Amino acid sequence: MRLRALLETEALGLRLLGGEDELDRTVRGVMTTDLRDPSRYLSGGELVLTGLAWRRDASDSEPFVRILAGAGVAGLAAGEAELGDIPADLVEACLQHRLPLFAVHETVAFATITEHVVRQVSGERAGDLAAVVDRHRRLMTSGPAGGGPEVVLDLLTSDLDLRAWVLSPTGRQIAGAGAPLPGALGAALAGRHLAATRTGRRGPHRAAVAGTTYSLFPIRNTGRGAVPAARDVRESVLSDWLLAVEADASDWPAARLDLLQGVTQLIAVERDRRDAARTVRRRLAQEVLELVQAGAAPAEIAARLRVAAPVLLPGLGAAPQWQVVVARVDWTATDTPGPGGVPGDIAGGPAAQALLEEILVDPAVSGPDSADRIAVAHTDEEAIALVPLPAVPAPLPDTVGGPTDTAAGTADTAAAPESGEPPAAAQDPALHADALLAAVREPLSAGLADDGRLTLGVSAAVHSAEGLRGALEEARHARRVAAARPGRVCAAGHHELASHVLLLPFVPDDVRRAFTARLLDPLRDYDRRHRAELIETLEAFLDCDGSWTRCAARLHLHVNTLRYRVGRIEQLTGRDLSRLEDKLDFFLALRMS
């Protein structure tokens, strides 16, 4: 389509401010941005929409327009909602660089222009593009008749012989055509995409996994709920979806690349609708959190929980248990100004909220609406999830393990009944910190790169409003334990708060190094010189509770050989492994090393 056609469409409310001689330029896409330098996301031919949040003074206009002109964009449309009249310095810069400039009336949403451009650009393409346009209305239709993004992906397969999947930042499949993508492959592709995005490279990104080449297209939210584009890639890198296509797009013609870009814009509308559907759950979580933190009466909190339960667990007969999960995303300071104008000042709460909503989804469940039972609130620094758990049925009287004494402890003591039913552990609905991050650690570490960290804490399950405040503090304390550990993605659970593990992360680094060096360095030096495996022997001896026979069997040694090694350990360190205090010192040194 031509720029002139946009100007002639009254419903768009565009007013030409300059560039009348350039109105025959072809528009091949649309992008909303408030980045000072959006060049990494531009491929040429776009109509760029901006709310002017990047402009701090008159000197900012010319560099911004120069970047757009250099990227080959078709035109620039600036909104009047923020500043009123478009600044004269921006008009002058566009005239200087021969870039058509439009003013967007404050009553017209950027989403309206985006949807119009997507429809028109797709509608004017021939052949394979026409099929996508024919199904656009179905994509926008909710319910079983619509089909959502699956419709477009089916068309890519049937008309273009392209297999494609929509993936979350953790690699979970949200939509796909044909056979589901294996979980490990989805995680690997998401990790490649996040790593490439952090480098600033423009998509699509090429990734070769297990001998197959994929092209990864970013999906950014440009629907009705869209917000101005992030000014720092770290603000959105952990929340954007991606389209993975089983093909190498590096040698595709421009028309086919345009098609895939159009597909990502259509899927972004589905993403926007999904986010809108989460609004009610987020509000419920925020209301409960505010009551808990304000010290409200348990009866008031219980009343709010009764409102939340039908929304989060529709059709549930019994009152659920609740768990609290706290997550925090921290970024190291950089020279790039953040939203607050301070270098590296990036609010981690929204990113942590999006991640928690994704992490808490059952990885075996696909689809954009599979998070209906998750309510996550956020502050500037952290996200807090209120997770309802279905009540676990009481074990039958003839169950070997018998009933348990806590709602959350059913999984720990009940054994399998003689009838062949699965043990209670298999029915335990409670969340466990390590299991939550097992499938997402690899891709998220790639997105966090060298300057970000995700830490997460999980509380025990509670089944009353009185226990919710304690669960919140427990989850926050567990998150602090996780934060004291090394690694980009760390989690800790409530069970670690009643163990020595709680104390170890808070020992100062210099004390840890001195303590472990005093006990273990003589053994390491001896192992390097003689290949004696004293460290391995010490670990096994302690793990076997000092049992000579069990330790010898584990190490496949004769007991006399084991006694010789233990004697050497005692000689080198001056310790006695028959004494409890020395065993404990060795145990702590190994855990801290």
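None of the values given here were measured: they were computed from a predicted structure.
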Could you tell me which non-hydrogen atom of [X] sits nearest to which non-hydrogen atom of [Y], and how far apart they are?
X: Pro169; Y: Leu238; value: CG-O, 3.3 Å
X: Pro204; Y: Leu257; value: CG-CD2, 4.3 Å
X: Leu167; Y: Gly186; value: CD1-O, 4.0 Å
X: Val245; Y: Ala164; value: CG2-CB, 4.1 Å
X: Ile359; Y: Leu436; value: CG2-O, 3.7 Å
X: Gly203; Y: Pro218; value: CA-CD, 4.3 Å

Say whether, by atom type as modelled, one donor and one acceptor occur between the side chain of [X] and the main chain of [Y] under 3.5 angstrom.
X: Arg202; Y: Leu42; result: yes
X: Arg281; Y: Val376; result: no
X: Glu357; Y: Leu355; result: no
X: Asp34; Y: Ala53; result: yes
X: Gln173; Y: Leu181; result: yes
X: Asp258; Y: Arg28; result: no
X: Ser459; Y: Val324; result: yes
X: Arg453; Y: Asp330; result: no
X: Arg488; Y: Ala449; result: yes
X: Arg192; Y: Ala208; result: yes

Is there a side-chain contact between [X] and [Y] (heavy atoms, below 4.5 Å)?
X: Phe217; Y: Val263; value: no
X: Glu46; Y: Val117; value: no
X: Leu35; Y: Tyr41; value: yes
X: Thr157; Y: Leu153; value: no
X: Trp331; Y: Leu448; value: yes
X: Leu305; Y: Leu468; value: yes

* **Working for side-chain contact (heavy atoms from CB on, under 4.5 Å), residues Leu242 and Ile219** => CA-CA 5 Å; Leu242 69 137; Ile219 298 173; 5.5 Å; no
How many angstroms lie between atom [atom1] of [X] and atom [atom2] of [Y], to the nearest 0.5 angstrom?
X: Arg206; Y: Ser215; atom1: CZ; atom2: OG; result: 8.0 Å
X: Leu189; Y: Leu194; atom1: CG; atom2: CG; result: 11.0 Å
X: Gln286; Y: Ile384; atom1: CD; atom2: CD1; result: 8.0 Å
X: Leu456; Y: Arg328; atom1: CG; atom2: CZ; result: 13.5 Å
X: Leu243; Y: Leu156; atom1: CG; atom2: CG; result: 7.0 Å
X: Glu246; Y: Leu185; atom1: CD; atom2: CG; result: 8.5 Å

* **side chain to side chain contact (heavy atoms under 4.5 Å, CB included) partners for Ala285, two or more places apart** => Ala375, Ala377
* To do: Report the C-alpha distance between Val30 and His116 in whole Å, list the side-chain angles of each, state the deciding distance to 0.1 Å, and finish with yes or no for side-chain contact (heavy atoms from CB on, under 4.5 Å).
  => CA-CA 10 Å; Val30 62; His116 177 83; over 6 Å; no
* With distance as the sole criterion, is a donor-acceptor pair present between the side chains of Thr455 and Arg479 under 3.5 Å? -> yes
* Asked: Within a radius of less than 6.0 Å around CG of Asp450, do more than 12 heavy atoms belonging to other residues, nucleotides or ligands occur?
  -> no
* Asked: When you look at Leu472 and Leu289, which way does the side-chain contact (heavy atoms from CB on, under 4.5 Å) test go after all the steps?
  -> CA-CA 9 Å; Leu472 174 59; Leu289 175 64; 3.8 Å; yes
* To do: Evaluate the criterion side-chain contact (heavy atoms from CB on, under 4.5 Å) for residue pair Val440 and Val489; output intermediate values, then yes/no.
  => CA-CA 9 Å; Val440 302; Val489 181; 5.6 Å; no
